> 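I have a structure here, written as structure tokens, and I will follow up with some questions on it.
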Protein chains: 2
Amino acid sequence: MKPKDTEAEILKAAEQEFMLRGFDGAKTAAIARSAGVTHAMLHYYFRTKEQLFERILSDKMSLMGRSVLTAFGNPGLPPLERLKDGISRHFDFLMANPDLPRFIINEVFSRPERYELMRGEISRIVDRLMQGVQQELDKLAGQGEIESVDVRMLMLDAVSLNIFPFIAYPVIEPIFGNIAVDREQFFALRKAENIEVIMRRIKK
Amino acid sequence: MKPKDTEAEILKAAEQEFMLRGFDGAKTAAIARSAGVTHAMLHYYFRTKEQLFERILSDKMSLMGRSVLTAFGNPGLPPLERLKDGISRHFDFLMANPDLPRFIINEVFSRPERYELMRGEISRIVDRLMQGVQQELDKLAGQGEIESVDVRMLMLDAVSLNIFPFIAYPVIEPIFGNIAVDREQFFALRKAENIEVIMRRIKK
DNA sequence: AAATGGTTTAACAAATCCGTCTAACAAAAT
DNA sequence: ATTTTGTTAGACGGATTTGTTAAACCATTT
């Protein structure tokens with residue numbers, strides 16, 4: 001009896017297929033084949049395609065949520081360093097999960113019933129993260145150290161700059177084929193640029 | 001004999017369906033029903049679902065490409081004003097076509113055979129647009145008016161900031177439910193923020 | 001009015017895809 | 001050794017979906 005084995009295989013294959021092709025594009029037969037099992041197995045372990053997808057999507061949604069929190073959230077750095085470090089770590093997370101954002105955005109978009117679930121996830125993050133940072137930034141702004149800004153706007157700036165290049169990579173790659181020799185170098189440049197942009201946004 | 005009529009109806013319906021659900025999610029029967037014709041008509045005018053989709057996608061791709069060009073391209077304004085104006089007009093275009101970027105990115109992403117086509121489209125834009133702007137900015141930088149920057153990086157900053165909120169709207173909406181009373185106001189704030197960010201990016 | 005052309009319809013065919021069922025199989029428990 | 005429990009394989013069914021075909025339709029031309 002080796003249950004965990006095939007279940008994990010199916011999950012791994014499903015993750016790949018769903019991430020690459022979305023719910024409609026992914027075919028259960030392809031998942032099964034890629035997992036090296038008959039497609040009946042998929043129903044044995046997960047009943048339906050829907051439930052299997054559910055499992056993958058909610059995993060990925062909470063991963064995506066946590067990524068912002070853990071990147072910007074923990075360290076005891078001074079506010080500006082913390083922001084810089086947050087962008088950097090969030091960017092690193094994206095490099096390790098380059099097509100996660102596209103997957104989330106798509107599937108949430110095409111399933112409005114998910115909005116509520118997402119709303120909850122997001123709200124918790126905002127509450128936990130942004131209030132504290134806002135106070136710190138207000139304090140700095142009060143001291144005339146930085147420009148006063150709304151953290152949510154600033155965070156959206158940062159997240160936009162970080163995520164978009166990954167979402168749109170195939171579209172923008174031709175533009176930067178010259179400026180950078182390879183994908184890795186391009187993203188390294190991009191990370192530096194994003195930090196620069198955000199720092200200048202709040203610099204006095 | 002009124003050929004153009006139904007052909008146009010089918011195209012209109014196909015556009016809606018494909019934009020909303022993507023190639024796999026859209027069903028030819030639904031397109032036909034929405035166009036008010038039998039689904040055989042769809043094959044009569046376009047042979048296959050693939051060819052119909054082809055038509056829609058390439059229309060949308062060139063629209064997307066032109067949007068950047070026309071927004072940033074034409075007016076005889078001084079460079080900084082031109083940049084400001086470009087962001088503003090590009091943003092307005094997105095407000096009128098809020099789910100165009102998601103559509104393009106998705107379908108191009110899931111069809112690597114399109115990369116080449118996209119590459120061509122993009123390259124022409126870059127050549128036509130960026131070289132001139134780069135020279136102007138270099139000149140300003142030489143005079144010490146602004147920070148020296150790579151236009152392509154700057155443009156990617158601008159496009160990222162502009163497009164991302166539309167792509168991710170369902171995900172970020174809960175965060176800004178407080179800050180703005182409605183969608184329209186949120187995007188108005190966002191447009192101003194994006195201009196501010198980019199101006200500060202190059203300000204000396 | 002008969003013929004001609006493009007257009008439309010309805011029925012059909014083929015493929016795909018999700019899900020079920022039954023029987024076989026293996027390992028552990030009795 | 002037999003039963004039990006959990007796992008696997010293969011075949012099957014039904015629904016959906018894309019694509020085809022042949023005949024009807026209708027406006028214009030002759």
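Every value quoted in this text rests on a predicted model; they were computed, and no experiment measured them. Here is the naming used below: chain letters follow the sequence lines, and residue numbers restart at 1 for every chain.
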> Please evaluate residues B:K191 and B:S88 with respect to the criterion side-chain contact (heavy atoms from CB on, under 4.5 Å), reporting the C-alpha separation (whole Å), side-chain torsions for both, the decisive distance (0.1 Å), and the verdict.
CA-CA 7 Å; B:K191 181 163 135 180; B:S88 174; 3.2 Å; yes
> Rounded to whole angstrom units, what separation is found between the OH atom of A:Y45 and the C1' atom of D:dA9?
13 Å
> Classify every nucleotide of nucleotides 15-20 of chain D by which part a protein heavy atom approaches to under 4.0 Å, writing B for the base, S for the sugar-phosphate alone and - for neither, in 5'-to-3' order.
--SSBB
> How many Å lie between CZ on A:R33 and P on D:dA9, as a whole number?
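Checked: the CZ to P distance equals 15 Å.
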> State whether B:T38 places a side-chain N or O below 4.0 Å from either non-bridging phosphate oxygen (OP1 or OP2) of C:dT9.
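Yes.
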> Ignoring backbone atoms, test whether A:T6 places a side-chain nitrogen or oxygen under 4.0 Å from the OP1 or OP2 oxygen of D:dT7.
no
> Could you pull out all residues at least two apart from B:H90 that satisfy side chain to side chain contact (heavy atoms under 4.5 Å, CB included)?
B:S67, B:V68, B:A71, B:F72, B:L94, B:V159, B:N162, B:I163
> To the nearest Å, how far apart are A:D5 CG and D:dT8 C1'?
13 Å
> Stepwise, does the side-chain contact (heavy atoms from CB on, under 4.5 Å) test hold for B:L154 with B:I198?
CA-CA 8 Å; B:L154 189 65; B:I198 295 301; 4.0 Å; yes
> Would B:R55 and B:Y45 count as a side-chain contact (heavy atoms from CB on, under 4.5 Å) if you check the C-alpha gap in whole Å, the side-chain angles of each, and the deciding distance to 0.1 Å?
CA-CA 12 Å; B:R55 169 75 171 270; B:Y45 282 101; over 6 Å; no
> Side-chain N or O of A:Y44 versus OP1/OP2 of C:dT20: is the shortest distance under 4.0 Å?
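No, A:Y44 has no side-chain N/O under 4.0 Å of OP1/OP2 on C:dT20.
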> Is the shortest side-chain heavy-atom distance between A:F18 and A:K60 below 4.5 Å?
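A side-chain contact is absent here, since even the closest heavy-atom pair is not under 4.5 Å.
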> Quick check, are the ring centers of A:F176 and A:Y169 under 6.0 angstrom apart?
no
